[in-house]
Amino acid sequence: MGTTDVDREISAAVRSLDPAAFTSIHILDRVPAIFDDRAQYAAWRSDLGAELEVDPLCVVVVGSTAVGVSLSPRPDKRFRPYHDDSDVDVAVISPRHFDEAWRWLRALGPLDALKGRPDEADLLGWHRRSLVFDGTIATDRLLPYLPFGAVWQSALGRASRRPPTLDRDVKARIYRDFESLREYHRRNVESLRASLQPEPPPSEPMVATGQEAETQ
């Protein structure tokens with residue numbers, strides 16, 4: 001299936017399916033587009049899961065390399081096919097790692113005492129305010145600071161040296177449970193759907209009036 005076909009299929013599915021159903025069918029319960037088949041995906045998950053110390057079934061590839069196109073609501077990214085420079089986004093469902101990261105965040109002192117950049121302090125502050133409600137931790141910039149960060153960075157680095165994710169940045173986001181993962185993506189699909197212009201109704205055939213019919 002070509003990228004244009006994928007674009008059309010996903011766009012139609014976003015419009016027609018309930019966001020929860022779309023999330024299940026097109027994001028969570030599928031062989032990601034970047035993989036050749038389920039066997040290759042299973043082997044890749046098994047390797048990464050062992051290195052992250054989580055069950056392989058708790059490693060889920062999401063994002064454009066899973067769906068085939070971007071699901072960002074932004075007009076400049078919406079339904080854009082994944083490409084050679086696309087990152088591989090991985091959802092890791094692990095209550096243990098979530099709790100470890102959350103305890104570390106709670107134990108932090110004043111955020112302005114951190115030696116990182118100001119935007120990193122902002123990110124830490126956002127996690128403190130909303131993390132307990134969202135059940136997720138965006139580890140793309142927090143990972144170096146977390147207690148298990150060094151192990152995970154090595155594991156994600158090795159994943160980027162294995163096909164089919166060779167030479168791609170492999171990034172992880174931690175979720176407390178599957179419900180948090182599903183809800184995060186359902187909300188995103190809901191935002192994407194709201195950003196779409198409604199499709200115009202099909203045009204109806206012209207019906208000739210009596211006078212027009214007589215002159216034909």
Which heavy-atom pair separates [X] from [Y] by the least distance, and what is that distance?
X      : Y      : result
Ile93  : Leu181 : CD1-CD2, 3.6 Å
His26  : Arg30  : O-CD, 2.9 Å
Arg168 : Ser160 : O-CB, 2.9 Å
Arg78  : Ser195 : NH1-OG, 3.2 Å
Phe98  : Gly135 : CE1-C, 3.4 Å
Val59  : Gly49  : CG2-CA, 4.0 Å

Are [X] and [Y] linked, directly or through other ILVMFWY residues, by side chains that come within less than 4.5 angstrom of each other?
X      : Y      : answer
Ile25  : Phe178 : yes
Val151 : Tyr145 : yes
Val69  : Leu196 : yes

[atom1]/[X] to [atom2]/[Y] distance, rounded to the nearest 0.5 angstrom?
X      : Y      : atom1 : atom2 : result
Phe79  : Ser70  : CZ    : OG    : 9.0 Å
Ile137 : Ile174 : CD1   : CD1   : 5.0 Å
Phe22  : His185 : CZ    : NE2   : 11.5 Å
Leu156 : Leu48  : CG    : CG    : 6.0 Å
Asp89  : Arg173 : CG    : CZ    : 8.5 Å
Asp87  : Ser64  : CG    : OG    : 8.0 Å

(request) Evaluate the criterion side-chain contact (heavy atoms from CB on, under 4.5 Å) for residue pair Val62 and Val90; output intermediate values, then yes/no. (result) CA-CA 6 Å; Val62 295; Val90 181; over 6 Å; no
(request) Give me the one residue out of Arg193, Arg186, Arg187 that meets salt bridge (Lys or Arg N to Asp or Glu O under 4.0 Å) with Glu190. (result)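 Of Arg193, Arg186, Arg187, salt bridge (Lys or Arg N to Asp or Glu O under 4.0 Å) with Glu190 is met by Arg186 alone.
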(request) Answer yes or no: are there more than 12 heavy-atom neighbours, outside Asp29 itself, under 6.0 Å from its atom CG? (result)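 No, not enclosed.
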(message) Is it the case that the side chains of Trp44 and Thr165 hold a donor-acceptor pair, with the cut-off being a distance below 3.5 Å and no angle test?
(response)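 On atom types as modelled, these side chains qualify, holding a pair under 3.5 Å.
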(message) Pairing donors with acceptors under 3.5 angstrom, does anything connect the side chains of Asn188 and Ser191?
(response)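 Short answer, no.
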Check for a donor-acceptor pair, side chain of [X] on one end and backbone N or O of [Y] on the other, with a separation under 3.5 Å.
X      : Y      : value
Thr23  : Pro19  : yes
Ser11  : Asp7   : no
Ser180 : Arg176 : no

(message) Is any side-chain heavy atom of Thr65 closer than 4.5 Å to one of Pro32?
(response)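 Side chain of Pro32 against side chain of Thr65, heavy atoms only: no contact under 4.5 Å found.
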(request) Test side-chain contact (heavy atoms from CB on, under 4.5 Å) on Val189 and Leu17 and set out the steps. (result) CA-CA 10 Å; Val189 173; Leu17 293 175; over 6 Å; no
(message) I'd like to know if Arg182 pairs up with Glu179 as an ion pair, taking the criterion as any Lys NZ or Arg NE/NH1/NH2 lying under 4.0 Å from an Asp or Glu carboxylate oxygen.
(response)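 No salt bridge links Arg182 with Glu179.
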(request) Taking only Lys NZ, Arg NE, NH1 and NH2, and the carboxylate oxygens of Asp or Glu, determine whether Lys171 and Asp169 approach each other closer than 4.0 Å. (result)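 Salt bridge flag = no for Asp169 with Lys171.
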(request) Could you check whether the rings of Tyr41 and Phe35 sit parallel, tilted or perpendicular, using 30° and 60° as the cut-offs? (result)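 Geometry flag for Phe35 against Tyr41: tilted rings.
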(message) Once you measure the plane-to-plane angle for Trp152 and His97, does it fall in the parallel (<30°), tilted (30-60°) or perpendicular (>60°) bin?
(response)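 Because their plane-to-plane angle lies in the 30° to 60° range, the rings of Trp152 and His97 count as tilted.
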(message) Using salt bridge (Lys or Arg N to Asp or Glu O under 4.0 Å), reason through Glu51 and Arg45 one step at a time and then give a plain yes or no.
(response) CA-CA 10 Å; Glu51 293 166 354; Arg45 295 168 86 187; over 6 Å; no
(request) Using salt bridge (Lys or Arg N to Asp or Glu O under 4.0 Å) as the criterion, list what pairs up with Arg96, not counting sequence neighbours. (result)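 In terms of salt bridge (Lys or Arg N to Asp or Glu O under 4.0 Å), with neighbours along the sequence ignored, Arg96 is linked to Glu53, Glu100.
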